[in-house]
2 protein chains.
Amino acid sequence: MSSELEQIRQRYVESAGHLSQSIGLGRSLGQIFMHIYLSPEPQTLDDLTRELEISKGGASMAVRQLEQWGAVRRVWIKGRRKDYYEASEDFGRVIRKALLDVIGRRMEVTDGLIEDAEKVLAGKNNGDKDWKFMKRRIRKLRTFRDRARWIWDRSIVKLLLK
Amino acid sequence: MSSELEQIRQRYVESAGHLSQSIGLGRSLGQIFMHIYLSPEPQTLDDLTRELEISKGGASMAVRQLEQWGAVRRVWIKGRRKDYYEASEDFGRVIRKALLDVIGRRMEVTDGLIEDAEKVLAGKNNGDKDWKFMKRRIRKLRTFRDRARWIWDRSIVKLLLK
DNA sequence: CTGCGCGTTCAATCTATATTGAACGTATCA
DNA sequence: TGATACGTTCAATATAGATTGAACGCGCAG
C-alpha cells in the first residue's frame, strides 16, 4: 500500500486514539477500530500488534469490546486459522449500543443509595431543622434521579434508535 | 449537627465522589458538590478542606468549575472576608451546562482532520483501488460526523432545554 | 505602609486505570 | 496423539491526569 495512503491512515488512527482516550475508553480502542475501518482487508490480531505496536492481550480485549458493540465483526477466511476482523459502517448502531452500555451501567451505580437513606430519614421524623433540611434535599435528589432516568429511557434512547 | 445526620451526608459525599470519578471528572468535584448541597449553611474553602480532607488548591479549582456550571453560587456574608458557597437545586440547568461544555468540547476535537484528508485525497484521484477505498471510508466518516453534530445541535440540546 | 488572611497557581507527586506480556487453555493439523 | 499456532487471562507495570501544597498576588485592617 502506498506510503502516502499509509500516512493518512496513521493520522486518523492517532486522532481516533486521542478521541477515545479523552472519553475514557483508552487509546487503543479507538486506534484499533480506526485501523480496521481504514483497512481494505480484514485484519488479524497480529496485524494489529504489528501496525499499532500494542500488546496481543490488549488487542484481544479491545477487539472483543468492539465486537460487542457491533463496531467490528469476525469473518472466517477458509484455509486460515487466525481470526479476521472487518469494520461495520453502521456508526449509528455502534454508537447507540456503546452509549446504552456505558451510560446504562453508570446509571445503575446510584441505585439503592437514595432509597436506603430515605428509609433512615423517614424513621427519624422529629421536628429538627437540620433533619428537615436533609430530607428536603434528598427528596429533591430522588425526584431528579427519577426524572433523569425517565428522560434517558423514554427520550434519549428513542432518539438514538432513529 | 447530629452525628447520624453526619454519617448520611458522608455516605452521599462518598457516592457522589465515586460517580464523578467514574465519569472522568475526578473524585473531589462530586464530593464537593454533594457536601455543599447537603449543608444547611453556605460553605467556605476551609470548610471543604477540613470536612473532605482535600487540598485548598484542589477545592479552589473544583469550586470554580462548579460555579461555571451553575452548580454552586458564591454568596457574600457581610462582615466576613471568606467566600461562601451554596448549592443550586436546579439540576436540570446544571447538567445541561455541564454536558454542553464537556461534550461540546469533545466534538470540536475532531474538526479539521477530516477536511484536511479529503483535500489530499481529492488531489490524488487516480483509479487505484486502495485510494478509492480510503476515499469512500473517509467520506462516510464525514457524513456521520456531520449527522452526529446535527443531532447533537438540533435534537439533544433541544431535549435538554426542557 | 505593613502584616495578615484570603484565593489562586502550577510544578511535583500520587493514583486510578490502561496496557503489557508471560503463562495458560484450546482447536487444528499431521 | 502430540505438536503447533492461535486467542485469552491476569498479575505486574506504565501512564494520563487528578491532587497536593509551597509560593505567590491581592486587598483589607490597623
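For clarity, every value in this text was computed on a predicted model and none was experimentally measured. Sequence lines set the chain letters: A, B, ... in the order given, protein chains first and strands last, and positions in each chain run from 1.
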With a 4.0 Å cut-off on heavy atoms, is [X] in touch with a base, just the backbone sugar-phosphate, or nothing at all?
X       : value
B:Asp46 : nothing
A:Gly57 : base
B:Glu53 : sugar-phosphate

Within residues 16-33 of chain B or reaching into it, pairs that qualify as side chain to side chain donor-acceptor pair (under 3.5 Å) - sequence neighbours excluded:
none
Counting only side-chain heavy atoms from C-beta out, which of [options] sits nearest to [X]?
X       : options               : answer
A:Ile54 : C:dT17, C:dT20, D:dT8 : C:dT20
B:Ser60 : C:dT9, D:dT20, D:dT8  : C:dT9
A:Arg81 : D:dC10, C:dG7, D:dT4  : D:dT4
A:Lys82 : C:dC29, D:dT20, D:dG7 : D:dG7
A:Met61 : C:dT8, C:dG7, C:dT20  : C:dT20

Starting at the 5' end of DNA chain D and moving along, which residue's nearest nucleotide shows up first, A:Arg27 or A:Tyr85?
A:Tyr85
Name the residue closer to the 5' end of DNA chain D, choosing between A:Ser22 and B:Ala59 according to the nucleotide with the nearest heavy atom.
A:Ser22
Rounded to whole Å, how long is the line connecting atom [atom1] of [X] with atom [atom2] of [N]?
X       : N      : atom1 : atom2 : answer
A:Gln21 : D:dA16 : CD    : P     : 6 Å
A:Leu45 : C:dT20 : CG    : C1'   : 15 Å
B:Gln31 : C:dA16 : CD    : P     : 11 Å
B:Arg74 : C:dC6  : CZ    : P     : 15 Å
A:Trp76 : D:dC6  : CH2   : P     : 16 Å
A:Ile32 : C:dT19 : CD1   : C1'   : 11 Å
B:Leu48 : C:dC6  : CG    : P     : 14 Å
A:Leu25 : D:dG17 : CG    : C1'   : 16 Å

How close do A:Glu86 and A:Pro42 get, heavy atom to heavy atom, and via which atoms?
OE1-CG, 4.2 Å
Within less than 4.0 Å of OP1 or OP2 of D:dG21, is there a side-chain N or O belonging to B:Ser55?
no
Quick one: is C:dT9 close enough that its OP1 or OP2 comes under 4.0 Å of any side-chain N or O from B:Arg64?
yes
Quick one: do the B:His35 and B:Glu51 side chains pair a donor with an acceptor below 3.5 Å?
no
Does A:Leu66 reach the side chain of A:Val94, with side-chain heavy atoms less than 4.5 Å apart?
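No; the side chains remain at least 4.5 Å from each other.
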Flag this pair as yes if the NZ/CZ of B:Arg73 is under 6.0 angstrom from the six-membered ring centre of B:Tyr85 and inside a 45 degree cone about the axis; otherwise no.
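No, B:Arg73 does not lie over the aromatic ring of B:Tyr85.
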